[in-house]
Amino acid sequence: MGETVILLLRALALLAVLGGVAATAFVLAPRFLPAPPVRDRALPALPDRATEAPLSVVAFGTSLTASNPWPEALQAELASCLDAPVTVQRVAGSGQGSTWALAQWQQVAAQEPDVILLEFAINDGDLWDGISLRQSRAQHAELLTQLTGALPQARILLMVMNPVTGLQRLKRPRLGQYYAISHALAEEYDTGLADFAPRWQALPPGWAPDGLHPSAEAATAMLPPVLAPMIAAAAGQTCP
């Protein structure tokens, strides 16, 4: 009997070690897997607009938008690219997902933006505070329906944000599937899409100290150089 117990304990210890190795591999996987190809989708052309009016952009999203200076950097870069006034405003909340967004879209519509940048998948995919894949898809679809109905002249650009590492990856094990929803909806609703996840994955580690939020320096180096040319192209211009 004593020998059986010892063997059982050894087996459990081995399983724990193997489980720990598997968990470690899962947590570190984004750092070592090759980045998939970037799959941007062009923003549809903006309608003719009064040239004297500033181009209005609203960044609608999570803490990745709320607590990072990349929107201000985008405003400066896009204004320089277009040689015209641009405003970039935020409607964003830390820890928020598409459920919150459905209660806030009218705040976005009230600003009558020309372009809406939208990202909520990263928090929808949180095991603790998020929602199911089916609900996330349905709520993102409802967001797009409401926004396009209220703002037919506006153009929406979905943003597939960064992968996560460490404990944040354990909290969001299916994040890639939540990001895939954005790709599907961009096709279905004919929106633009900026595919940042593979761009981040191709970088050396260290750009997100907490495993979730890119540093201010990393985000301002990544997002505006992609977004500004996409928005400029929709306005019929090319960034130098």
Side-chain angles (χ1 to χ4, degrees), residues 30 34-49 55-62 64-65 70-71 73-75 77-78 81-82 86 88 91-92 97-98 101 105 108-109 113-125 133 136-164 174-203 214 219 221-239:
V38 173
R39 294 190 293 143
D40 290 336
R41 193 173 193 276
L43 193 65
L46 286 162
D48 292 336
R49 43 186 303 279
L55 181 74
S56 173
V57 179
V58 171
F60 190 23
T62 68
L64 299 179
T65 295
W70 68 260
L74 173 61
Q75 178 174 298
E77 186 158 341
L78 190 54
C81 169
L82 298 178
V86 173
V88 179
V91 177
S98 61
W105 72 265
V108 175
D114 299 295
V115 177
I116 302 165
L117 310 175
L118 192 151
E119 58 88 11
F120 288 100
I122 200 161
N123 285 337
D124 278 6
L133 284 163
S136 180
R137 193 190 197 287
Q139 292 187 174
H140 274 85
E142 180 65 16
L143 269 177
L144 294 175
T145 298
Q146 296 292 350
L147 288 168
T148 54
L151 299 165
Q153 81 289 352
R155 298 295 178 259
I156 299 173
L157 194 151
L158 301 178
M159 297 190 295
V160 175
M161 301 300 269
N162 51 279
V164 293
R174 302 174 74 187
L175 182 58
Q177 295 177 60
Y178 284 84
Y179 282 164
I181 291 170
S182 293
H183 286 280
L185 290 177
E187 293 287 339
E188 183 177 337
Y189 284 83
D190 192 24
T191 75
L193 184 139
D195 193 14
F196 291 111
R199 291 178 166 100
W200 285 114
Q201 191 171 328
L203 295 180
M222 172 66 75
L223 275 70
V226 173
L227 295 173
M230 293 183 78
I231 296 170
Q237 299 192 44
T238 302
C239 291

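Counting from 1, the numbers follow the sequence of the chain as shown.
Rounding to the nearest 0.5 angstrom, the gap separating the CG atom in Asp40 from the CE atom in Met159 is 12.5 Å. Going from atom CG of Leu64 over to atom CE of Met161 covers 5.0 Å, rounded to the nearest 0.5 Å. Distance check: Ser136 OG to Leu185 CG gives 8.5 Å after rounding to the nearest 0.5 Å. To the nearest 0.5 Å, the span separating CG on Leu151 from CD1 on Ile156 amounts to 8.0 Å.
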Practice task
Verify side chain to side chain contact (heavy atoms under 4.5 Å, CB included) between Leu46 and Leu55, making sure each step is shown before the conclusion.
Solution key: CA-CA 10 Å; Leu46 286 162; Leu55 181 74; 4.0 Å; yes

Practice task
Please report the C-alpha distance between Tyr189 and Leu158 in whole Å, then the side-chain angles of each, then the deciding distance to 0.1 Å, and finally whether the side chain to side chain contact (heavy atoms under 4.5 Å, CB included) criterion is met.
Solution key: CA-CA 11 Å; Tyr189 284 83; Leu158 301 178; over 6 Å; no

Practice task
Under the side chain to side chain contact (heavy atoms under 4.5 Å, CB included) rule, what do Phe196 and Asn162 come out as? Steps first, then yes or no, please.
Solution key: CA-CA 6 Å; Phe196 291 111; Asn162 51 279; over 6 Å; no

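Of all heavy-atom pairs between Trp70 and Pro224, the closest is O-CG, 3.8 Å. Closest approach of Ala42 to Met230, counting heavy atoms only: CA-CE, 4.5 Å. Contact between Pro37 and Asp195 at its shortest, heavy atoms only, is O-OD2, 3.9 Å. The minimum heavy-atom distance between Phe120 and Ser98, with the atom names listed, is CB-N, 3.8 Å. Between Leu203 and Met222, the shortest heavy-atom contact is CD1-CE, 3.8 Å. Closest heavy-atom contact between Pro113 and Ser56: CA-OG, 3.5 Å.
Counting heavy atoms from C-beta outward, Val160 and Leu193 have side chains that approach closer than 4.5 Å. In this structure the side chain of Pro47 reaches within 4.5 angstrom of the side chain of Arg155, judged on heavy atoms. No side-chain heavy atom of Ile181 sits less than 4.5 Å from a side-chain heavy atom of Asp124. For the pair Leu118/Leu147, a side-chain contact is recorded, criterion being any heavy-atom separation below 4.5 Å from C-beta on. Looking only at side-chain heavy atoms (C-beta outward), Leu117 and Leu74 come within less than 4.5 Å of each other.
Judged by distance alone, the side chain of Tyr179 and the main-chain N or O of Ile122 form no donor-acceptor pair under 3.5 Å.
Partners of Glu187 according to the side chain to side chain donor-acceptor pair (under 3.5 Å) rule, which considers only residues two or more places apart in sequence or in another chain, are Arg41. In this view, Ala221 satisfies the side chain to side chain contact (heavy atoms under 4.5 Å, CB included) rule with no residue, not counting sequence neighbours. For Pro225, the side chain to side chain contact (heavy atoms under 4.5 Å, CB included) partners are Glu77, not counting sequence neighbours.
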